[in-house]
Amino acid sequence: MNNKLLIKFCGLENGSYSFDYKIDGAFFEAYGNSELAKCDFDVKVNLLREETLMTLSVNISGEIESICDRCLDPLIIPINVSDTLFVKQAEGDPTDENVLFVTKADTQIDISKFIYDMVCVGIPFRKVHHVDENGESGCNKEQIALLEKMKEKKEMDPRWDALKKLK
């Protein structure tokens with residue numbers, strides 16, 4: 001599978017253009033990210049081309065299948081992220097993450113890494129089942145009960161007693 005999301009801008013007149021892509025787990029596995037092996041995303045790119053500047057407005061929506069951090073049951077996480085990438089035809093500072101510089105000889109741009117980064121930033125740090133309108137968690141109740149039971153039984157390691165005296 002070709003893992004590149006290429007936009008050929010050579011020959012495009014000034015104006016607005018739309019591009020649609022579908023990405024799945026194979027896209028992320030090529031980056032060595034197995035956490036996103038089960039996913040499905042729609043990528044919509046609106047390109048506004050001007051003489052020496054292109055503005056790419058990117059919207060990514062989809063979902064990943066993951067594991068709940070609390071109960072370890074499967075979990076579907078919806079992702080919806082948007083960002084803007086500017087492409088300038090000039091020599092510039094490659095440290096600006098939202099500006100991509102191209103030369104006059106370039107005919108296309110690869111937005112794969114930009115898309116990858118957007119999705120990774122859009123994943124919540126803590127992945128847990130949502131709480132419904134009644135205040136009930138979607139987590140596996142048996143697993144939560146087991147965790148609570150383990151919390152009650154947990155005895156403090158006596159090696160920490162010396163540190164408690166320092167308080």
Side-chain angles (χ1 to χ4, degrees), residues 1-140:
M1 176 186 165
N2 185 357
N3 198 43
K4 295 187 183 241
L5 300 178
L6 298 175
I7 295 179
K8 295 181 181 181
F9 60 87
C10 184
L12 293 179
E13 298 289 326
N14 289 351
S16 184
Y17 300 89
S18 294
F19 301 91
D20 294 327
Y21 303 97
K22 287 194 100 26
I23 56 175
D24 58 13
F27 175 83
F28 296 98
E29 285 176 353
Y31 284 96
N33 191 339
S34 60
E35 179 185 0
L36 295 169
K38 295 180 181 177
C39 67
D40 184 35
F41 290 104
D42 292 319
V43 179
K44 300 202 180 299
V45 180
N46 289 317
L47 179 140
L48 178 61
R49 179 167 170 97
E50 298 170 356
E51 199 60 41
T52 60
L53 175 71
M54 289 182 281
T55 306
L56 283 77
S57 300
V58 181
N59 183 31
I60 303 172
S61 59
E63 58 188 27
I64 64 169
E65 184 178 322
S66 189
I67 301 292
C68 178
D69 291 340
R70 188 181 303 141
C71 71
L72 302 178
D73 273 3
L75 172 67
I76 301 294
I77 303 171
I79 305 285
N80 192 1
V81 291
S82 297
D83 203 354
T84 302
L85 176 67
F86 298 98
V87 181
K88 290 185 178 180
Q89 189 174 9
E91 299 297 321
D93 182 11
T95 59
D96 191 343
E97 60 193 39
N98 281 354
V99 179
L100 178 66
F101 292 95
V102 294
T103 66
K104 289 184 180 191
D106 291 327
T107 60
Q108 62 188 12
I109 51 175
D110 182 5
I111 60 169
S112 304
K113 181 69 169 115
F114 183 71
I115 300 298
Y116 173 80
D117 291 343
M118 280 181 65
V119 171
C120 289
V121 168
I123 298 171
F125 180 70
R126 190 162 181 242
K127 298 178 237 76
V128 295
H129 287 96
H130 291 288
V131 176
D132 66 14
E133 59 275 351
N134 299 326
E136 293 287 321
S137 171
C139 285
N140 181 328

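Values below: every heavy atom of this structure, side chains too, minus hydrogens, waters and symmetry copies. The first residue in the sequence is number 1, and the count goes up from there.
- When side chains are defined from C-beta on, I7 does not count as touching V87, because their heavy atoms never get closer than 4.5 Å.
- Between F28 and V119 there is a side-chain heavy-atom pair separated by less than 4.5 Å.
- Listed here is the closest heavy atom pair of E13 and R49: O-CD, 3.8 Å.
- In this structure, OG1 on T52 lies 8.5 Å from NZ on K88, to the nearest 0.5 angstrom.
- Atoms CG and CG, from D40 and D24 in turn, are 7.0 Å apart once rounded to the nearest 0.5 Å.
- Atom-to-atom distance recorded for S66:OG and K38:NZ is 10.5 Å, nearest 0.5 angstrom.
- A side chain to side chain contact (heavy atoms under 4.5 Å, CB included) with M118 holds for exactly one of I111, V43, I60; it is I60.
- Remark: E51 CD is loosely packed, at most 12 non-hydrogen atoms of other residues, nucleotides or ligands lying under 6.0 Å away.
- In this structure the side chain of L5 never reaches within 4.5 angstrom of the side chain of F114, judged on heavy atoms.
- Using cut-offs of 30° and 60° for the angle between ring planes, the Y31 and Y116 rings count as parallel.
- Here CG of L36 is found 6.0 Å from CZ of F41. Values are rounded to the nearest 0.5 Å.
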Could you pull out every donor-acceptor pair under 3.5 Å between side chains of residues 67-85 and any protein atom, sequence neighbours left out?
from, atom 1, to, atom 2, distance (Å)
D69, OD2, K127, N, 2.9
R70, NH1, S137, OG, 3.3
D73, OD2, N140, ND2, 3.3
S82, OG, N59, OD1, 3.0

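- Residues L47 and M54 come closest through the heavy atom pair CD1-SD, 4.0 Å.
- In this structure, CZ in F19 is found 9.5 Å from CG in N46, a value given to the nearest 0.5 Å.
- In this structure the side chain of K22 reaches within 4.5 angstrom of the side chain of D42, judged on heavy atoms.
- With rounding to the nearest 0.5 angstrom, the CZ atom of F9 is 6.5 Å from the OG1 atom of T107.
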